[in-house]
Amino acid sequence: MEGSPRRYVLRKAPSAKTYRVDYNRELNEEQRSVVFAGDGPLLVIAGAGSGKTRTLVYRMSRLIEDGAEPASFCLLTFTNRAAKEMTRRVENLIGTDISKALAGTFHSVAARILRTNADLLGYRPNFSILDSEDAKDIMDSAISDLAIPVTEKRFPKADLLRDLLSLGVNTGRELRDVIAAEAPHLMPQMKAISDVVARFRQRKKSANAMDYDDLLVLWAVLLKEHPSVRKALAIRIRELLVDEFQDINHLQSEIVDLLVLDSATKNVLAVGDDAQSIYSFRGADVEALLGFPKRYPTARICRLETNYRSTPQILSLANASIRHNKRRFEKELRAVRTEGVPVAVVGTADTAQQSEFVAQRVLELRDENIPLSSISVLYRAHYQALELQLELTRRGIPYEVRSGLRFFEQQHVKDVLAFLRIVVNPRDEISFKRAFKLLPRVGERLASTVWLAIADAPDPASALSAIDPAKLPAAARPHFRSFQKTLATIRKDSFQSAPAESIRWVLEEGGYAEIARSKFTNATARLDELEALAQFALGYDDVSRFLQEVTLLGDPAGEDRVTAERDDERLVLSSVHQAKGLEWSAVFVIGLVEDRFPNARAAKDEAGLEEERRLFHVAVTRARDELTLVHPLAVYDRTGILVMTEPSRFLRELPADLYERWVLETGPAVPADPSENVDPDERVH
């Protein structure tokens, strides 16, 4: 029986998608899996040197080639420069204008969004953005408004209060909890501090102004308390990409989650490396990355493990070290490069020999045509490079401190050394005023008045002792008496022959430790550095000679001896924290002894120890070709006694077949004629 024919539609096979960019040729398999991943949350664990920025750029390009509108992108990075570079590269790849994308730091994107929604938060669209100095001035005004007796119990400086408040905001902790953990000596003043903070916030609001923290806080408030705005942003932002996810803090993580809360696809791409999460002291929260799969159960996890930077020897050591961390994503860095030289582990007799070894080896590497600028010396804390800076200066090896100020240019170091400079040169007006203005209620006017009263005396320091404290403002009198006593004490012959004891007297009896705690957020770390300065000074028996040597660290004399042809060459000295994201042909990691690297205070619990191990991982993965790990076998304690050290656990954890141990031997003096240098193979055995 005939019925109606059944219709069957023939469809042509889909033609292969053609792209302007040849993704197969430009990317490796791991990178392509990220670039072509479909909708939904995506976590990319990007190992060191694996091309994460390239992968991000190509994913944006592919999405646009597949029809995504540039205006639907939100790219969050940690510098505006990085965002501009990524968007520029996308435009160059596909020839499309993507200026309508939201791209920049969390703070810059927040400002753009808040401008159009300011009225919902009680602000006008033309609100001002306060920089750090502006915010400090408002905090000072808040303290003044409430007539806080700042000298009675040494009320914290405005900078310190702002830093503590910022830490609480960005880590999601109450200010009371932050102060209890970071500055417990301020707890008795908690009521006054709370009142000042409330007044600080009130003043900002009245001025229609936001500081950097407000930008994030109010963005989060906008997303939480105004669902219509949140949903509108979810419609606009179809592709949310976050770089350096291991460095975001609690508040930033909350903002990311809120941005995709109402999204149907939840297209959030988080790129980071848990093994490089090293900024908890700034508020970074590694749990934002480690907890991503729990917050997004449907998330796909991709790994970039192909390393284009380092040799197999360096990566094998890095992999072996980070495996000791329990809280981490499994990842195995694999080298593209062929075999290189073995990693060297070098034990030196003490820190002085450590400096001699590094300086000599740096010159040898330069003779092997490795520019000084391609060599770096990394350390856990600034003070660990003190003796090295002196040794480099003696040998005429130019260097730069990539982590910012050289050790002796830092504020707390200059403060303490100002007291010693007055001892050596009582007519040093600059040092006198610097030390004197550390006292409460002493400003430039009072310091100038006192200086004029003693400047013409045969011995200004003695004349200072004769000044009646009653002539000073009442709040400054007890501190002035202490100042007089401190200078009188460290001028004694016994102290002038013991610069280390002079430094410790200024810290402990002279009150600088208390000043530092009221002045700096990271006061404990700074005081540790000043104790290290005192230990360094144990090698000197004369305050004048000590000051002369440390002052000459900033003197460029002798640089031409090494850099006659290449004047821009500088050996790089850097803390590991500042070295993240950088790389060098040859890297020395110094000071690898227990309690210093890892830092004893930072490694007081399992979470802290794991971050210290991640810091070690970052250090070793900065090296492309050669890696040298150095540990002094002895250091000086507070009393000047040489004590034996234990190599860092990060060295002791390593399998012995992953490195070559070097033993130093004392050889003949270096010949005056460079052409007579000994064979490089005979220098170190």
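In this chain, residues are counted from 1 in sequence order.
The OG1 atom of T621 sits 10.0 Å away from atom CZ of F616, with the distance rounded to the nearest 0.5 Å. Note: H617 NE2 to R328 CZ = 9.5 Å, rounded to the nearest 0.5 Å. Taken to the nearest 0.5 Å, the CE atom of M210 stands 11.5 Å off from the CG atom of L216. Residue I237 holds its CD1 atom at 9.5 Å from OG of S72, rounded to the nearest 0.5 Å. The CG atom of L372 sits 9.5 Å away from the CG atom of L365 when rounded to the nearest 0.5 Å. Note that CG of L629 is 12.0 Å distant from CZ of F650, once rounded to the nearest 0.5 Å.
Judged by distance alone, the side chain of R20 and the main-chain N or O of I94 form a donor-acceptor pair under 3.5 Å. For R230 (side chain) and D262 (main-chain N/O), no donor-acceptor pair under 3.5 Å exists by modelled atom type. No donor-acceptor pair closer than 3.5 Å links the side chain of Q384 to the backbone N or O of I590. Counting only distance, with no hydrogens or angles, the side chain of S277 and the backbone of Q246 share a donor-acceptor pair below 3.5 Å. Judged purely by atom type and a 3.5 angstrom limit, R337 uses its side chain to pair as donor or acceptor with the backbone of R624. Between the side chain of T645 and the backbone N or O of L633 there is at least one donor-acceptor pair closer than 3.5 Å. Between the side chain of E569 and the backbone N or O of P371 there is no donor-acceptor pair closer than 3.5 Å. Of the possible polar contacts, none joining the E332 side chain to the N319 backbone as a donor-acceptor pair under 3.5 Å is found. For N325 (side chain) and E610 (main-chain N/O), a donor-acceptor pair under 3.5 Å exists by modelled atom type. At distances below 3.5 Å, not a single donor-acceptor pair connects side-chain atoms of E26 with backbone N or O atoms of V21.
Closest non-hydrogen pair, V178 versus L164, comes out as CG1-O, 3.7 Å. Residue T55 comes nearest to Q31 through the heavy atom pair OG1-CG, 3.3 Å, listed as atom of the first residue, atom of the second, then distance. Across S132 and Y212, no two heavy atoms sit closer than the pair OG-CE1, 4.3 Å. Annotation for G283 and N249: closest pair O-CB, 3.1 Å, computed over non-hydrogen atoms. Nearest approach of D625 to S585, heavy atoms of both residues: OD2-OG, 2.6 Å. Residues L651 and H631 approach most closely at CD1-CD2, 3.8 Å, considering heavy atoms.
Under the 4.5 Å side-chain criterion, counting only non-hydrogen atoms from C-beta, Q252 is not in contact with V256. Looking at heavy atoms from C-beta onward, V286 lies out of side-chain contact with E611 at the 4.5 angstrom threshold. Side-chain contact between Y308 and N28 is present, with heavy atoms from C-beta onward closer than 4.5 Å. Within the 4.5 Å cutoff, no side-chain heavy atoms of F245 are placed close to those of V44. Between F78 and I248, the closest side-chain pair of non-hydrogen atoms falls below 4.5 Å. Between W219 and V109, some side-chain heavy-atom pair lies under the 4.5 Å cut-off. Counting only heavy atoms from C-beta outward, the side chains of K266 and P41 approach each other to under 4.5 Å. Side-chain atoms of L388 and Y379, non-hydrogen and from C-beta on, never get closer than 4.5 Å to each other.
Other residues, nucleotides and ligands contribute over 12 non-hydrogen atoms within 6.0 Å of the CZ atom of R32. When the shell of 6.0 Å around CZ of R81 is examined, it contains 12 or fewer heavy atoms from other residues, nucleotides or ligands.
Using a cut-off of 4.0 Å between Lys/Arg side-chain N and Asp/Glu carboxylate O, E65 and R62 are scored as not salt-bridged. Ion pairing between E594 and R649 holds under the 4.0 Å rule for side-chain N and carboxylate O. A salt bridge does not link E330 with R303: every distance from a Lys NZ or Arg NE/NH1/NH2 to an Asp or Glu carboxylate oxygen is 4.0 Å or more. Between E612 and K604 there is no salt bridge, since none of the side-chain N atoms of the basic residue sits less than 4.0 Å from a carboxylate O of the acidic one. Look at K52 and D243 and you find a salt bridge, because one of the NZ, NE, NH1 or NH2 atoms lies within 4.0 Å of a carboxylate O, short of that distance. Ionic pairing of R361 and E364 is present here: one or more N-O contacts between side-chain nitrogen and carboxylate oxygen are shorter than 4.0 angstrom. The pair E85-R88 meets the salt-bridge criterion, since a charged nitrogen lies less than 4.0 angstrom from a carboxylate oxygen. Under a 4.0 Å N-O distance rule, the pair R323/E653 does not qualify as a salt bridge. Comment: R327 does not engage E606 in a salt bridge, judged by the lack of any side-chain N to carboxylate O separation of less than 4.0 angstrom. The pair K331-E305 does not count as a salt bridge, with every side-chain nitrogen at least 4.0 angstrom from each carboxylate oxygen.
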Begin from the C-alpha positions of F588 and V362 and carry the test side chain to side chain contact (heavy atoms under 4.5 Å, CB included) through to its verdict.
CA-CA 9 Å; F588 296 83; V362 162; 3.9 Å; yes

Side chain to side chain contact (heavy atoms under 4.5 Å, CB included) between E244 and K580, intermediate numbers included
CA-CA 11 Å; E244 302 287 6; K580 185 173 174 290; 3.3 Å; yes

Check step by step if side chain to side chain contact (heavy atoms under 4.5 Å, CB included) holds for V260 and Y296.
CA-CA 11 Å; V260 297; Y296 298 92; 3.3 Å; yes

Verdict with supporting geometry, F292 and I301, side chain to side chain contact (heavy atoms under 4.5 Å, CB included):
CA-CA 10 Å; F292 191 91; I301 301 177; over 6 Å; no

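Using bins of under 30°, 30° to 60° and over 60° for the plane-to-plane angle, the ring pair F36/Y19 lands in the perpendicular bin.
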